[in-house]
Amino acid sequence: MQEKYQPADIELAAQARWQQTAAARAVEDLSRPKYYCLSMFPYPSGKLHMGHVRNYTIGDVLARFHRLRGYNVLQPMGWDAFGMPAENAAIQNNVPPAQWTYANIEYMKGQLQRLGFAIDWDREIATCKPDYYRWEQWLFTRLFEKGLIYKKLGTVNWDPIDQTVLANEQVIDGRGWRSGALIEKREIPMYYMKITAYADELLASLDDLPGWPEQVRLMQKNWIGKSTGVRFAFPYELDGKSDRLWVFTTRADTIMGVTFVAVAAEHPLATWAAARNPEIAAFVEECKKGGVAEADLATMEKKGIPTGIHVSHPLTGEQVEVWVGNYVLMGYGEGAVMAVPAHDERDFAFAKKYGLPIKQVIAVDGQEFSLDGWQEWYADKQNGVCVNSGKYDGLGYAAAIDAIAADLGARALGEKKVQFRLRDWGISRQRYWGCPIPIIHCADCGDVPVPDNQLPVVLPENVTIDGAGSPLAKMPEFFDTTCPKCGKPARRETDTMDTFVESSWYFLRYCCPDNAEAMVDERVQYWCKGGIDQYIGGIEHAILHLLYSRFFTKLMRDVGLIGDLGEPFANLLTQGMVVAPTFYREEENGKKQWINPADVNLETDERGRAVGATLAADGLPVVIGGTEKMSKSKNNGVDPQALIDRYGADTARLFIMFASPPDQSLEWSDAGVEGAFRFLKRVWKIVHDHVGAGIVPAFGAAQAGELTPALKAFRRQLHQTIGKVADDYGRRKQFNTAIAAVMELLNAYGKLDDASPVARAVRQEALEAVALLLWPIVPHIAEALYGELKPGCQVAAAGWPQVDETALTQDEIELMLQVNGKLRGSLRVAAGADRATIEAAALASEAAQKQLAGQAPKKLIVVPGRLVNIVA
RNA sequence: GCCGAGAUGGCGGAAUCGGUAGACGCAGCGGAUUCAAAAUCCGCCGUAGAAAUACGUGAGGGUUCGAGUCCCUCUCUCGGCACCA
């Protein structure tokens, strides 16, 4: 055995061995339980970042652990290969997006292999390849025919200088990121997926996902936002014609307090008013400025203008003025809202700003409303009752709504309605690098889906991109076609699909990536039965990606593709971000120049506190910024490649798993990496020393009589550790504590001072177990060590070590002794001692005598196996 | 603005069901080894205090024999907000 731990040699040898033996190949096998371990596939951005390393290490640990536990494990990998960055890179470097993407995939695949992940590369998928996206197009045509995909107007960010649609990310402070132009909202026709048709099921089946974090289920529930309210109308007359202005509210109990109505700038009433009043027209124009992101709309200053149009209150007939409000969204609900300033915080602020009437119609404990400032109780549903509301006075929230809805119904002006916050999913993108939408526009036949025998609609890969609109719309060879129905000349759709579409079903395709005849086949039934066993990815995907994937699974189920599989992911682990300290220098113009942590020396005081930092290159001070998510903009990223090159994959994997639990953010620390490397060197040395003295058969039951108390205690710790690590890997998914437990075990091993044959056998037993316990996290070194301890034996064949129950028994246990809840000592009692014995021992103890000072205790609390508390 | 999380020594974190706060690691300090250094090994390491002890888990209140853990109020930080992926 090599004396020194040399990670590079061990790791490359292990990886070559795994490749030769196809160690990670997954084959359907009904004789064993399956374990489908899925990590979110990466966008091929160039090279792996620490977040990827973390994500895939977690997946690999779970995959390998289940492998040892006897499961038939599938761990696939692929590439979420369509998307905007490829187009940006194309503009910047003049490389076609396809070429850039494929080069990145090749490089990043090499990095994943160098990290030693047990991935079945035979199932690799890249979503930008026609053999993948053709099935997406095929499904699109089916859904289009079923009416689950339809066309309507949608609002986008329009850059008037570059003459192009921008993503929300490309709009910074209301301006285009490249042109600097003020962004406008523009309505264009787009295809939508009818996710709202599945809103109820998406909500209800959240309850069938006990393996998901509660916070994710809650976020999805709130996102879907099911509410029961009342949809009702304000009748009005305009240009001599009668019409109705519809609104929706969850607070119909406050309807008697309506003092105005607000409509969106795109609402027909706003358009009518704008055509007759230049001031209103100017305001409507102003509302079109700025982007469409909801966070911006929700935080901007609320503004409005009166239209002069009045509508009738549906119950009182009172005239109520219609305002145009910049905070009312045309795409949500009816594009109009009733305003009750007394009982809605936003309406309250708006009414005060414009001097509109405020009428109290709800009171809690008879309290009078005041105009000084908003009080929480003004909107209290639980305790409020109607006042100043005529026949509704005295009614509570639910009763008032029932009565009001009934009266509205009697006049045919409204009814109760279930409403969702969830909106249909707009999937059209005016971009090149995406899956072409398989529709042909015919002047006579309308929108015609591309027939199966003409699929896939292949995206041309050799294009030049100039940043002004999609190149597809400038390529007649792409869009000139004939109508599949009537044969006349027609135009092919040039929009592509949202890349969330590709990532909504890739996990099903992994089961059968080689099927050229169908989107999916029966192998999905094997691997996905009961749901994918574990899904791992960033918490930032808690809503959109995970909701769309759930939706797609239900869609595909209803198209008859995947049996009765309704939920794709049985268990979900959302990992935290990888963060690192930031450093910067302020330039003369006030701009911050960010400096990479690798180029900075930290100065600490005698206690280790950071007191300052200098740039290594010039020795001059730099400012210590906050700890933030690793990013290009803050230049605080640590390149995993440098880490692997220096310490090897095992150290990188170990540090990342040890530094924090997977669902919390992970703070990068170079010193911590050094510590992880030191631990592996120590393990290597311990095994080296043991093997050097001669390997022996592991401890067996026949030797039980020879155990000293120290060896007995050590074996107890060993078998406790085996149990704990299994629990941490399998149930808790808390890998940092599993590693800590193994560290503790090896600390105890180091304190064993015994060279007897039985001690050697116990050491052998412990080290064999340690190699297996560590294998999921650091597979390369673990296999090398196991091979030294048991020549000719394979970790994968060994399986997870057995807990020896007899090693766990104890004759005597220690209880803590509290007086008035404060720790005052401890008691040693026989393991099976009864309550009376424990109480007597507690009262007899020195600590108890001292604290009680002769007084009788008021109460004695005994928690079996844990403590005695004497209440004096 | 709305929805969801989080806050524990100098640092990352542990405490799994309300029961010994600070496991494990990093940094630091002291020692051994060394011509010396690196590496390695051993010891110390929340704050105050000589000690007994007191205080201590973002802030303020509460429940309990007992609270990092449960409840209420607040502060700050982070994730998401439908075209970043």
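To find a chain, count down the sequence lines: A is the first, B the second, and so on, and within it residues start at 1. For clarity, every value in this text was computed on a predicted model and none was experimentally measured.
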When the C1' atoms of G80(B) and C74(B) are compared, how many Å lie between them, rounded to an integer?
24 Å

Can you see if the side chain of Thr499(A) gets near the phosphate of A85(B) - specifically, an N or O under 4.0 Å from OP1 or OP2?
yes

Using whole Å, what does the distance between atom C1' of nucleotide C24(B) and atom CZ of Arg682(A) come to?
11 Å

Should the side chain of Lys822(A) and the base of U53(B) be counted as holding a donor-acceptor pair, with the cut-off at 3.5 Å?
no

Within less than 4.0 Å of OP1 or OP2 of C26(B), is there a side-chain N or O belonging to Arg678(A)?
yes

Centroid separation under 6.0 Å, is that true for the rings of Phe507(A) and Phe41(A)?
no

Of Arg423(A) and Phe82(A), whose closest RNA chain B nucleotide lies nearer the 5' terminus?
Arg423(A)

Does a side-chain N or O of Asn168(A) approach OP1 or OP2 of C81(B) to a distance below 4.0 Å, or not?
no

OP1, OP2 of C3(B) versus side-chain N and O of Gln220(A): anything below 4.0 Å?
no

Taking the six-membered ring where the residue is Trp, are the ring centres of Phe82(A) and Tyr133(A) under 6.0 Å apart?
yes

For the P atoms, the ones on C41(B) and on G49(B), what distance do you get once it is rounded to whole angstrom?
34 Å

Counting only distance, no hydrogens or angles, is the base of G19(B) paired donor-acceptor with the side chain of Gln818(A) under 3.5 Å?
yes

Nucleotide opposite G66(B) in a Watson-Crick or G-U pair, distances under 3.5 Å:
none

So, for Phe655(A) and Trp668(A), is the gap between ring centers shorter than 6.0 Å?
yes

Ignoring hydrogens and angles, are the base of C26(B) and the side chain of Glu674(A) linked by a donor-acceptor pair under 3.5 Å?
no

Should Asn736(A) be listed as having a side-chain N or O under 4.0 Å from OP1 or OP2 of A14(B)?
yes

